[in-house]
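What follows is one structure encoded as structure tokens, with my remarks underneath.
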Amino acid sequence: MKLLLWHWGRRGAGPQMLISLARALAPMAELRLSISAQSDLLAETQALGLPMDAVPTYGSALGFVTGLARIPALRRHLVAQAQGCDAVISVMTHLWTPLLAPALAAAGIRYIPIIHDANPHPGDPGALWGWRFRRELSAAQLAVVLSESVEGAVQAARPGLPTARMTLGAHLDLPPPPATPAPPRPAGAPLRLLMFGRLRAYKGLDLLRDALRLLPPNAISLRVVGDGPAEALAPGLAAMPGVSIENRWVAEADIPGLIAQADALVLPYREASQSGVIPIAHAMGVPVVAMPAGGLSEQVSHGQDGLLAEAITAEALAAALRMLLAPQALALLAAGAKARGAAMADWHEQASLLRRLAASPQPPKAPDP
């Protein structure tokens, strides 16, 4: 079995997911990698010791535009690297993916994309999203999805295209405990909540602010860490007692330590496909409080490893947080999160699924939408 893992993104979940899948797939298949030469995890990917092609992509909007002239050459380059492979697996879509993937199909090379999002998140760039999405699906022989909601959208966009569901694992290699672990929370001290990730309107920071106002004073402290305009998204949040906001990008290697300092992770999202942060939290034994948005309901088992609000409102989120404040609730949920997260950092199941899909009989090509 010969496979090419492909992702040309520079930062975020994609490069880390490629590394996690590559480690798990390497014992099962003859593996090649195609990554961006500008990847933040270039050295870590090289350290895998696998045949790898580091393709110069871009590091700015200007670089994206000027780089479009190289697309024909990049198509030929990718097809040449994929020759002899049983399948090319796209770990996560990239702005250039829809421009290159059809060349694989035209060359008779099996293309299997892992689809993270079927629609742009509110506030994210969405230019030509529908065209790009349909074009990538048109090149696929089957698609891998990470949540039921995305699966439905894929099937609506490309009727007849076979899909397979894959559980999203913790896309980080968990480091050993920090030399100075976070001290345990003193009895009666506020519950330590963490909201982490890119700060966008759909992430519901304002809903979290309003929920905190409905809780007893000094019951909860909140740490918000992420890149984005926090004050514009939730005016007045920074001035609330017990709230700290750190507007910064967090390196992949620092994420586990950040989560380990929290008693619980909170995701007040209005909309979501799924979250890559939830598996990491579970792998760290940290429960999650989330809105019932998209695939989040599939990732959090209410009352076992976290809590789901009954609705996407500040009042419902406050009610879920009150449940977290009940005696012994946090300890029980943390134990459940640890149990569920035991397998989250092991990508063997995901790698086995991808290998089976690549080895399965090639289905007839579904008609283009």
Side-chain angles (χ1 to χ4, degrees), residues 9 11-20 40-41 91-92 114 116-117 121 124 146-147 149-150 166-175 182 192-205 207-208 222-228 230 233 245-302 305-309 317 320-321 324 333-334 336-338 340-345 347 350:
R11 64 196 311 194
Q16 185 62 59
M17 188 171 177
L18 182 140
I19 290 174
S20 298
D40 285 356
L41 298 179
V91 172
M92 181 184 285
I114 299 176
H116 294 246
D117 300 305
H121 296 299
D124 280 356
L146 303 174
S147 68
S149 62
V150 171
M166 185 177 83
T167 300
L168 181 59
H171 52 262
L172 288 175
D173 296 310
L174 303 181
R192 298 172 296 198
L193 282 186
L194 171 69
M195 181 176 173
F196 163 73
R198 293 186 312 148
L199 302 180
R200 300 293 185 268
Y202 76 91
K203 295 286 185 77
L205 192 59
L207 294 177
L208 179 55
L222 171 65
R223 186 182 183 190
V224 178
V225 183
D227 181 19
L233 295 172
I245 297 176
E246 302 168 37
N247 195 326
R248 59 188 175 93
W249 177 267
V250 180
E252 302 295 327
D254 296 335
I255 293 175
L258 179 67
I259 293 176
Q261 296 174 38
D263 295 314
L265 189 71
V266 60
L267 279 70
Y269 297 1
R270 289 182 167 87
E271 183 271 346
S273 301
Q274 63 277 316
S275 169
V277 179
I278 290 177
I280 301 172
H282 284 157
M284 303 294 298
V286 175
V288 178
V289 180
M291 295 292 203
L296 302 187
S297 298
E298 302 170 46
Q299 292 182 284
V300 177
S301 296
H302 182 73
D305 49 44
L307 297 168
L308 287 168
L317 180 58
L321 292 173
L324 193 63
L333 294 173
K338 186 175 182 180
R340 182 168 184 176
M344 286 296 183
W347 288 74
Q350 291 88 340

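- The CZ atom of R192 sits 8.5 Å away from the CD atom of Q261 when rounded to the nearest 0.5 Å.
- Looking only at distances, a side-chain donor or acceptor of Q274 sits under 3.5 Å from a matching main-chain atom of H116.
- Sorted by first and then second residue, the salt bridge (Lys or Arg N to Asp or Glu O under 4.0 Å) pairs with a member in residues 280-295 form an empty list; sequence neighbours excluded.
- The side chain to side chain contact (heavy atoms under 4.5 Å, CB included) check on S149 picks up S147, with sequence neighbours excluded.
- Taking CD1 from I280 and CD1 from I259, the interatomic distance works out to 5.0 Å, rounded to the nearest 0.5 Å.
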Fill in: Evaluation steps, side-chain contact (heavy atoms from CB on, under 4.5 Å), between V289 and L317
CA-CA 8 Å; V289 180; L317 180 58; 4.0 Å; yes
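- Here the CG-CD distance, from L168 to Q350, works out to 8.0 Å after rounding to the nearest 0.5 Å.
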Fill in: Intermediate values then yes/no, side-chain contact (heavy atoms from CB on, under 4.5 Å), L199 and D227
CA-CA 6 Å; L199 302 180; D227 181 19; over 6 Å; no
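- In this structure a side-chain-to-backbone donor-acceptor pair under 3.5 Å is missing from R270 to M291.
- Every residue meeting the side chain to side chain contact (heavy atoms under 4.5 Å, CB included) condition with D254, not counting sequence neighbours, appears here in chain and number order: V250, A251.
- Put simply, the side chain of W249 never gets that close to the backbone of R198: no donor and acceptor are under 3.5 Å apart.
- In plain terms, the two heavy atoms of A293 and A272 that are nearest each other are O-CB, 3.9 Å.
- A donor-acceptor pair under 3.5 Å is absent between the side-chain atoms of D305 and the main chain of P287, judged by distance alone.
- Contact record, V150 with S273: CG2-CB, 3.7 Å, taken as the closest heavy-atom pair.
- I114 CD1 to M17 CE: the interatomic distance, rounded to the nearest 0.5 Å, is 4.0 Å.
- Qualifying salt bridge (charged side-chain N to carboxylate O under 4.0 Å, His left out) partners for E246, counting only residues two or more places apart in sequence or in other chains: R223, R248.
- Rounded to the nearest 0.5 angstrom, M284 CE and K338 NZ are separated by 11.0 Å.
- Between the CD1 atom in I245 and the CG atom in L205 there is a gap of 6.5 Å [rounded to 0.5 Å].
- L194 approaches A262 most closely through the heavy-atom pair CB-CB, 3.6 Å.
- Looking at heavy atoms from C-beta onward, V266 lies in side-chain contact with L222 at the 4.5 angstrom threshold.
- Looking at residues two or more places apart in sequence or on another chain, you find a side chain to side chain contact (heavy atoms under 4.5 Å, CB included) between L267 and L265, Y269, S275, I278, V288, A290, L296.
- Listed by first then second residue, pairs satisfying salt bridge (Lys or Arg N to Asp or Glu O under 4.0 Å) with a partner in residues 275-298 read R165-E298, not counting sequence neighbours.
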Discussion item. Does L193 form a side-chain contact (heavy atoms from CB on, under 4.5 Å) with L324? I'd like the steps, not just the answer.
Written reply: CA-CA 11 Å; L193 282 186; L324 193 63; 4.2 Å; yes
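- Taking the side chain to side chain contact (heavy atoms under 4.5 Å, CB included) definition, one finds that D40 meets it with R11, sequence neighbours left out.
- Under the rule for a side chain to side chain donor-acceptor pair (under 3.5 Å), the partners of S301 that lie at least two apart in sequence or sit in another chain are R340.
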